[in-house]
Amino acid sequence: MTQHHQPDSESADGRIKKPRHKKYQNQSYGERLAADATYDAPREDPKPVVREDSKPVVKGYRAEQARPDRSRDDRPVRSDDRSSDERPRYERTERPYAGNARDDRPAFRRDDRPQQNRGDRPYARTERDGKQYPRAAERTDRPQYRRDDRPQGDRTERPRFNRDDRTDRPQYRQDDRGPRSDDRSSYRRDDKPFVRRPSQEERRGEPIRREEPVIDLGTVADDNQFAALGIAPRLVQRLARDGITAPFPIQTATIPDALAGRDVLGRGQTGSGKTLGFGLPTLMRLSGGHTESRRPRGMILVPTRELAMQVHDALEPLAHVMNVSLKLIAGGLPYPKQIESLRRGVDLLIATPGRLIDLCEQGAADLGAVEVAVLDEADHMCDMGFMPAVTTLLDMTPPEGQRLLFSATLDNDVDKIVKTYLKDPVQHSTESGQATVSTMEHHLLVIEPAHKQSLTAELASRDGRTIVFVRTKLGADRIATQLRDRGVMAAALHGGLTQGMRNKTLDQFKDGSVPVLVATDVAARGIHVDDVGLVVQADPPAEHKDYLHRAGRTARAGGKGAVVTLLLPHQRRGMIRMAESAGVKAEPVRARPGDELVTELTGGTKPSGYPVKLPAPKPQRFSKGGGGKRFGSGRPGRGDNRGSSGPRRSNGGPRRTDGKSYQH
DNA sequence: CACGTCT
């Protein structure tokens, strides 16, 4: 009775053996991503949605490719009269904001074009008298903005970001990647796995490069308490340079034990300085040792990509002075760099579980040499969804290695990990009262469903940064849209977005161009943004820990902050219990838009009511070989197909529902 | 049930 033969369909009896990545075999969007990833094949790209009257998504020749058949001369004349005969023969849609009057905006010229080509004559013209346009005719099938100094013949076949020097130096063609932007520890880029060419530092002898400047400003007070804890002078100096001279309580508590090589269980809310608490001892331990190819000696696991980046960025300068190499291993980022880093040998990984497991399965990483394993946000890492991945990874590390586990709370699941993987751990807790700091006020507002939108908008329209937490990804998109429609500049942040979008949004929130972040719990933990004055929980948290974590985004570093939780009548009771568990003292009060309490919280500002649009992203730095981030991960559907309740590959529906489906 | 975490 063979029922079907689709290799990738769920077998009814579940007995068909599938290869490793069975879960993803039926993903059509995997193919799409793969297609997206090949930026060097722009001509086949079917979709460049280049609307002629709007900002083009892609630059230059892609716009041309989109309309290959249209010769320049018969192209419709644009409404502005400049496209008459002394103008270029083709539209300049590839320029940013091409829909605007172009002539008075010379600033958008691309720098890499010789200026003399641009001014008053159509640059594609080869004959000054305007009789012939042979080059213009050629251009229909290739980039307009050709660099004049490059051979023309190559261009159509070559990816746009190719390095120029490759034409000159074919002998270096072993690989196509450009220079690594993220790792300066070595310059080699070949494929021979067994030759470890010495890094520049090594060739010169001792690590000279970064040490000297540190010594320069080595004004470390005698009573520096980091030094007293046993931190290496170089690290102390580097910290002092950033004004970090006094350890936080959790650091004082955990560092000595961690340095002594013991397993440590540190309990403290995010923002209490945990990163340095485990970071410094880890760096000390890894410093000076030898790391083999693909066998890192340290591993820091964190639950979200943003957090991974944050930890990575915080430790990077410190790692540098200790001559420790580190690498961010997380989803949504290109594989090749991560694999290459591992191959070359990297001391310390800062990783999200999924990608690291994947790399281990691929053989790109081997955790058998991990001397220090750190679990950050362990209480989150140990919940139902993460636990299997975490144990998988920890199982791959040698049991005699040191384990540092930092967590906000110590519930059952964390306890399980502690019992299984930590030996004789020392436990240190700092005041867990962090969440209820006196500078933070809590408000529980019981509202009518019909008022939720307007109340949210009113609260979010205050001056200063605000984070609005919601329960679902779709909800985040929807509320962000609603807020913008009401005149509040807000952007959504959730795991269903491209990593590029996540980064962009977070950047804009940090730099202030988008003051309101509408986020799922992806932003609940660890994300540090200064001066978030208000946290609005448009949906109440699922549990008390989430309340504390969400609340912890405000009133950081001694600042003031408020947490407002909107409750529908039926959520009132649950919230009261949650507040008790969280140690939050607040009484639910009824509220409606315009109430005194609300205006007090907002300072009286109201939404303008006029729709606003998200600002364009800041001009990107060079997107090196990456060509842009992709890898949506935007799959709303499961991910883990436990439950096995049949082959309901529900497809999850479209990712972006365009708001408006509501209507109170 | 939702969230997060590999493509």
Side-chain angles (χ1 to χ4, degrees), chain A residues 8 19-38 301-309 328-336 338-339 350-365 375-393 413 469-478 492-499 502 518-527 537-543 545-547 549-550 571 574 629-643 645 648 650 652-653:
Chain A
D8 58 349
R20 186 179 288 148
H21 296 301
K22 59 181 178 188
K23 288 193 280 205
Y24 302 108
Q25 284 192 345
N26 57 354
Q27 311 301 335
S28 63
Y29 80 80
E31 299 162 20
R32 197 188 73 225
L33 290 175
D36 276 351
T38 59
L301 295 182
V302 292
T304 68
R305 297 169 187 174
E306 277 74 14
L307 204 46
M309 291 182 226
L328 176 67
I329 300 288
L333 302 165
Y335 276 93
Q338 299 181 0
I339 292 172
I350 292 103
T352 51
R355 177 63 68 95
L356 186 52
I357 288 179
D358 191 15
L359 290 175
C360 288
E361 286 176 353
Q362 287 186 29
L375 275 191
D376 193 11
E377 300 289 345
D379 56 331
H380 194 203
M381 302 289 283
C382 295
D383 73 15
M384 229 177 48
F386 269 121
M387 184 69 112
V390 170
T391 54
T392 301
L393 287 167
D413 293 330
F469 279 108
V470 296
R471 194 176 56 97
T472 67
K473 301 180 214 178
L474 248 45
D477 279 334
R478 186 169 47 94
L493 182 73
H494 57 74
L497 300 171
T498 316
Q499 191 56 40
R502 285 168 69 164
V518 186
T520 61
D521 279 330
V522 71
R525 289 161 186 269
I527 303 299
Q537 309 199 65
D539 294 321
E543 51 169 331
K545 283 192 294 179
D546 295 333
Y547 187 102
H549 284 293
R550 288 171 164 194
Q571 296 166 328
K629 28 273 140 171
R630 47 198 89 83
F631 292 169
S633 103
R635 180 145 182 93
R638 283 312 316 154
D640 54 329
N641 41 5
R642 77 219 136 106
S645 55
R648 45 177 266 112
S650 67

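Below, read A as the first sequence line, B as the second, and so on, with proteins coming before strands; counting in each chain starts at 1. Worth saying up front: this structure is predicted, and the values here are computed from it rather than measured. Values reported hereafter were calculated over all heavy atoms of this structure, with side chains retained and with hydrogens, waters and symmetry mates removed.
- Between B:dC6 and A:Thr352, a contact under 4.0 Å exists linking OP1 or OP2 to a side-chain N or O.
- Every residue two or more places apart in sequence or in another chain that forms a side chain to side chain donor-acceptor pair (under 3.5 Å) with A:Asp521 is listed here: A:Arg550.
- Considering only heavy atoms from C-beta on, A:Gln537 stays 4.5 Å or farther from A:Arg471 through its side chain.
- Atom CG in A:Asp358 sits about 15 Å away from atom P in B:dT5, given to the nearest Å.
- Of all heavy-atom pairs spanning A:Pro353 and A:Ala389, the tightest one is CB-CB, 3.8 Å.
- Distances were taken from every side-chain heavy atom of A:Arg502 (C-beta onward) to each of B:dC3, B:dC6, B:dT5; the shortest belongs to B:dT5.
- Between A:Ile527 atom CD1 and B:dG4 atom P there is a gap of 12 Å when expressed in whole angstrom units.
- Distance, A:Arg550 CZ to B:dC3 P: 12 Å, rounded to whole Å.
- Taking a pair as Watson-Crick or G-U wobble with both distances under 3.5 Å, DNA chain B forms no stem of 3 or more consecutive pairs.
- Checking B:dA2, B:dT5, B:dG4 against every side-chain atom of A:Thr472, the shortest atom distance belongs to B:dA2.
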**OP:** Check the pair A:Tyr335 / A:Asp358 against side-chain contact (heavy atoms from CB on, under 4.5 Å), numbers first and verdict last.
**Re:** CA-CA 10 Å; A:Tyr335 276 93; A:Asp358 191 15; 2.3 Å; yes
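- Atoms CE (A:Met387) and P (B:dG4) sit 20 Å apart, rounded to a whole Å.
- Checking the phosphate oxygens (OP1, OP2) of B:dA2, no side-chain nitrogen or oxygen of A:Thr520 falls inside 4.0 Å.
- Between A:Ile357 atom CD1 and A:Thr352 atom OG1 the span is 9.5 Å, to the nearest 0.5 Å.
- The CG atom of A:Asp477 sits 11 Å away from the P atom of B:dC3 (whole-angstrom rounding).
- Residue A:Arg502 comes nearest to A:Gly495 through the heavy atom pair NH1-CA, 3.8 Å, listed as atom of the first residue, atom of the second, then distance.
- The interatomic distance linking A:Lys473 (NZ) with B:dG4 (P) rounds to 5 Å, in whole Å.
- Nucleotide B:dC6 holds its P atom 12 Å from the CD atom of A:Glu361, rounded to whole Å.
- Minimum interatomic distance between A:Ile329 and A:Gln338 (heavy atoms only, all atoms of both residues): CD1-CB, 3.7 Å.
- Here A:Arg305 reaches the OP1 or OP2 of B:dC6: one of its side-chain N or O atoms lies under 4.0 Å away.
- The nearest whole Å value for the distance from the CG atom in A:Asp383 to the P atom in B:dT5 is 12 Å.
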